[in-house]
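These notes concern the structure reproduced below.
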Amino acid sequence: MSLEAETKSVVAQFDFTDEQVNQGVKEFIRQMEEGLEKDGTSLSQIPTYVTAVPNGTEKGLYMAVDLGGTNFRVCSIKLNGDSTFNLAYSKVAIPKELMVAKKASDLFAFLAREIKHFLQQHHGDHFEQHSRRRMTSSSPDGYKDEHVFRMGFTFSFPVQQIGINKGYLIRWTKGFDVPDAIGKDVCALLQEEIDKLHLPVKVAALVNDTVGTLMARSYTSPGKTGAILGAIFGTGTNGAYVEKLSKLKKPLAGEYDNSTGEMVINTEWGSFDNQLNVLPNTKWDDALDKSSVNPGVQMYEKRVSGMFLGEILRLVLVDLIKDPKISLFRDENSNSNDWHSTTTIAQNSGIYRQWGLDTSIMSVAAADNTPELSILRQELETVLQIYAPSLEDAQAFKAIANAIGRRAARLSAVAIAAIVLHSGKLSDPAYKDEPIDIGVDGSLVEHYPYFRDMIFEALRAVEGIGEEGAKRIRIGIAKDGSGVGAALIALIAAGMESKSAAATAATGKKTNSQFIEELRSEARSKDIPMFTIKREDSEKAETTTDE
Ligand code: ADP
Ligand code: MG
């Protein structure tokens with residue numbers, strides 16, 4: 001078969017028709033509902049204990065920290081109450097030795113020291129004032145509760161959350177291994193170390209990045225109603241949405257504020273349809289899954305997110321390269337190769353290595369509309385060490401990459417459509433003149449050309465949405481989602497604190513501030529080992545977002 005014909009056949013295998021989109025949406029809603037009823041289902045539907053979304057009028061100064069896979073970010077965010085904010089942040093790479101520290105306290109003490117450094121750097125006045133007051137005060141730390149920074153803690157590892165600032169670490173991922181921390185409340189681990197340094201900071205909320213995205217978007221997006229969904233399309237994919245408490249049938253372990261009648265649910269939709277009822281499954285999807293570290297799980301994520309799209313493409317290309325009847329990246333093309341040189345693939349090319357093809361080159365392929373595809377061909381040389389590819393090679397690469405990217409966007413539309421339909425907002429009178437707003441974050445949705453357009457194309461084909469419904473859906477990037485979102489959740493938590501403090505005072509139980517005081521008085525300073533670190537500090541003012 002010619003390369004062109006073979007390419008067409010491959011592209012066809014990545015088709016995801018309107019009919020399949022509709023089947024997918026129905027199944028997604030079914031699996032969402034199943035997850036609200038019981039544990040152990042494909043969609044975990046984890047309650048987050050966040051029961052309200054912001055509307056842009058929130059005000060105040062909050063802190064946020066984000067422990068990702070590689071970096072630790074500390075920021076303070078001043079919410080101005082008019083959908084704008086000012087943000088100061090510092091970012092530091094987590095020392096490798098701490099990722100595998102013997103004791104949890106070694107890692108968390110490092111985080112606390114970074115928070116202290118940040119406070120000195122960016123809030124020197126506040127910090128000094130409190131240090132002085134502490135010296136002269138008779139109470140253990142001498143902080144007035146209202147002067148304590150409320151902090152949101154974005155922690156992107158699996159935790160079993162049982163309260164707005166309480167969650168037990170289930171397991172480490174992404175190269176971390178601190179066995180001592182497993183099963184412990186990560187908020188308490190951090191608070192303990194903060195208290196040892198006598199910092200005026202309270203870990204007020206534990207935050208998942210999807211929830212942060214939802215919060216950040218709700219705060220910054222114009223309009224009366226908040227976002228209904230926050231979604232990540234980056235290394236992985238996941239979404240958190242606003243659910244009615246009445247639909248949450250499975251038991252909730254912790255305390256929460258039920259006055260809004262709603263709660264944000266973290267779907268963990270990466271594992272949608274692990275049973276492959278409706279997900280497409282080419283032989284390359286199958287091969288990717290089989291050789292992954294977690295075969296049979298995260299099946300939706302393996303067809304949608306940045307970590308996997310490049311690998312699917314790589315597996316297709318390797319099959320074509322190996323086929324003697326097809327001439328891809330081979331010199332038979334050189335009579336028509338306008339670059340007049342021999343096509344070669346370097347032995348160490350990423351194309352021959354698992355995970356060796358980064359999804360970002362697919363964005364380059366999609367964006368290159370030059371007649372000779374010279375930008376893509378250059379990129380194939382510099383990134384993949386495929387030298388002097390012909391125009392036909394590049395055309396095949398682009399067509400297959402686009403088919404995989406397009407399928408991913410249409411699959412993304414399945415989750416989005418399901419949540420929009422399940423919410424009932426399209427027919428809700430409160431939303432009559434308001435857009436159905438969705439906040440997104442992640443390099444894939446941010447940088448892949450036309451990703452959102454392809455999502456909309458699929459949304460228009462969904463029964464119950466259609467042309468009219470799709471016009472009312474707005475999908476916008478949530479800028480600085482992890483910082484702003486965590487700050488907003490800290491604000492919500494602070495509101496809950498005062499309510500529950502009033503309630504506990506009435507019933508004679510301990511108030512939260514008593515609890516903090518006690519925690520503090522328990523803590524003792526001790527010598528802490530130092531590590532060499534590189535830090536990046538910055539301060540910026542944010543106005544509003546895109547559209
Ligand atoms: P994280 O998920 O860790 O927060 P990102 O949102 O930046 O990080 O997502 C990183 C993922 O996005 C990687 O899998 C990478 O391959 C992919 N990616 C990075 N840049 C691009 C791009 N320009 N186009 C498409 N995918 C990209
Ligand atoms: Mg991210």
Side-chain angles (χ1 to χ4, degrees), residues 64-73 75 89 91 93-94 99 154-158 172-176 207-214 216-217 230-240 266 268-270 288 292-293 298 300-315 350-351 353-368 375-376 378-380 382-384 397-398 400-409 411-412 439-455 475-486:
V65 293
D66 181 349
L67 183 70
T70 28
N71 294 306
F72 181 60
R73 271 170 56 114
C75 42
Y89 83 91
K91 189 175 91 178
I94 302 155
M99 294 184 180
T154 304
F155 184 78
S156 23
F157 298 90
W172 288 106
T173 57
K174 298 181 274 195
F176 278 68
V207 186
N208 182 275
D209 57 353
T210 54
V211 185
T213 300
L214 172 63
R217 181 68 194 174
I232 304 283
F233 300 98
T235 309
T237 182
N238 187 15
N266 168 13
E268 289 294 336
W269 75 34
L288 180 148
S292 70
V293 291
Q298 298 297 95
Y300 179 72
E301 182 165 80
K302 283 172 180 161
R303 285 149 180 79
V304 169
S305 74
M307 179 167 173
F308 303 100
L309 300 187
E311 179 66 5
I312 302 175
L313 174 60
R314 190 189 73 82
L315 290 168
I351 201 113
R353 238 188 7 255
Q354 191 185 21
W355 313 118
L357 192 157
D358 190 283
T359 302
S360 49
I361 197 173
M362 295 171 65
S363 286
V364 176
D368 187 356
I375 303 164
L376 172 59
Q378 191 58 57
E379 193 80 356
L380 286 168
T382 50
V383 177
L384 283 177
F397 184 98
K398 178 175 162 120
I400 296 166
N402 285 3
I404 295 167
R406 188 175 148 78
R407 189 185 71 165
L411 279 165
S412 305
V440 293
D441 190 18
S443 288
L444 184 66
V445 63
E446 215 175 322
H447 302 304
Y448 192 96
Y450 310 112
F451 201 78
R452 273 184 281 174
D453 300 81
M454 292 189 289
I455 288 177
I475 302 179
I477 304 285
K479 290 275 262 180
D480 293 307
S482 82
V484 179

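No experiment lies behind these values; they were computed from the predicted model shown. We're numbering straight along the sequence, starting at 1. Note that these values count all heavy atoms, side chains included, but never hydrogens, waters or copies made by symmetry. Order of appearance sets the numbers: ligands from 1, and atoms from 1 within every ligand.
Under 4.0 angstrom from ligand 1, the non-hydrogen atoms of S443 come from both its backbone and its side chain. Proximity of D358 to ligand 1, defined as any heavy-atom pair under 4.0 Å, is confined to the side chain (atoms from C-beta onward).
Between the side chain of R314 and the backbone N or O of I351 there is at least one donor-acceptor pair closer than 3.5 Å.
Contact detail for R303 and L309: the closest heavy-atom pair is O-CD2, 3.5 Å. The nearest pair of heavy atoms linking S305 to T237 is CB-N, 3.8 Å. Heavy atoms only, all atoms of each residue included: V440 and F233 are closest at CG1-CE1, 4.1 Å. Nearest heavy atoms, D368 versus K398: O-NZ, 2.7 Å.
A distance of 4.5 Å separates CZ in F176 from CE in M99, rounded to the nearest 0.5 Å.
Close approach of ligand 1 to T235 is summarised as follows: ligand atoms under 4.0 Å from at least one heavy atom of the residue are 1 (P), 2 (O), 3 (O), 8 (O), 9 (O), 10 (C), 11 (C), 14 (O). Under a 4.0 Å criterion applied to the non-hydrogen atoms of G306, ligand 1 contributes the atoms 14 (O), 16 (O). Remark: ligand 1 atoms within the under-4.0 Å shell around heavy atoms of G442 are 6 (O). Taking every non-hydrogen atom of G234 and a distance limit under 4.0 Å, the qualifying atoms of ligand 1 come out as 2 (O), 6 (O), 9 (O), 11 (C). When each atom of ligand 1 is checked for a heavy atom of T359 under 4.0 Å away, the hits are 16 (O), 25 (C), 26 (N).
Below 3.5 Å of separation, one finds an N or O of S363 facing an N or O of ligand 1. In terms of N/O distances under 3.5 Å, ligand 1 is approached by M307.
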*asked:* If you apply the rule side chain to side chain contact (heavy atoms under 4.5 Å, CB included), what do you find for R407 with I312, and how did you get there?
replied: CA-CA 12 Å; R407 189 185 71 165; I312 302 175; 3.8 Å; yes

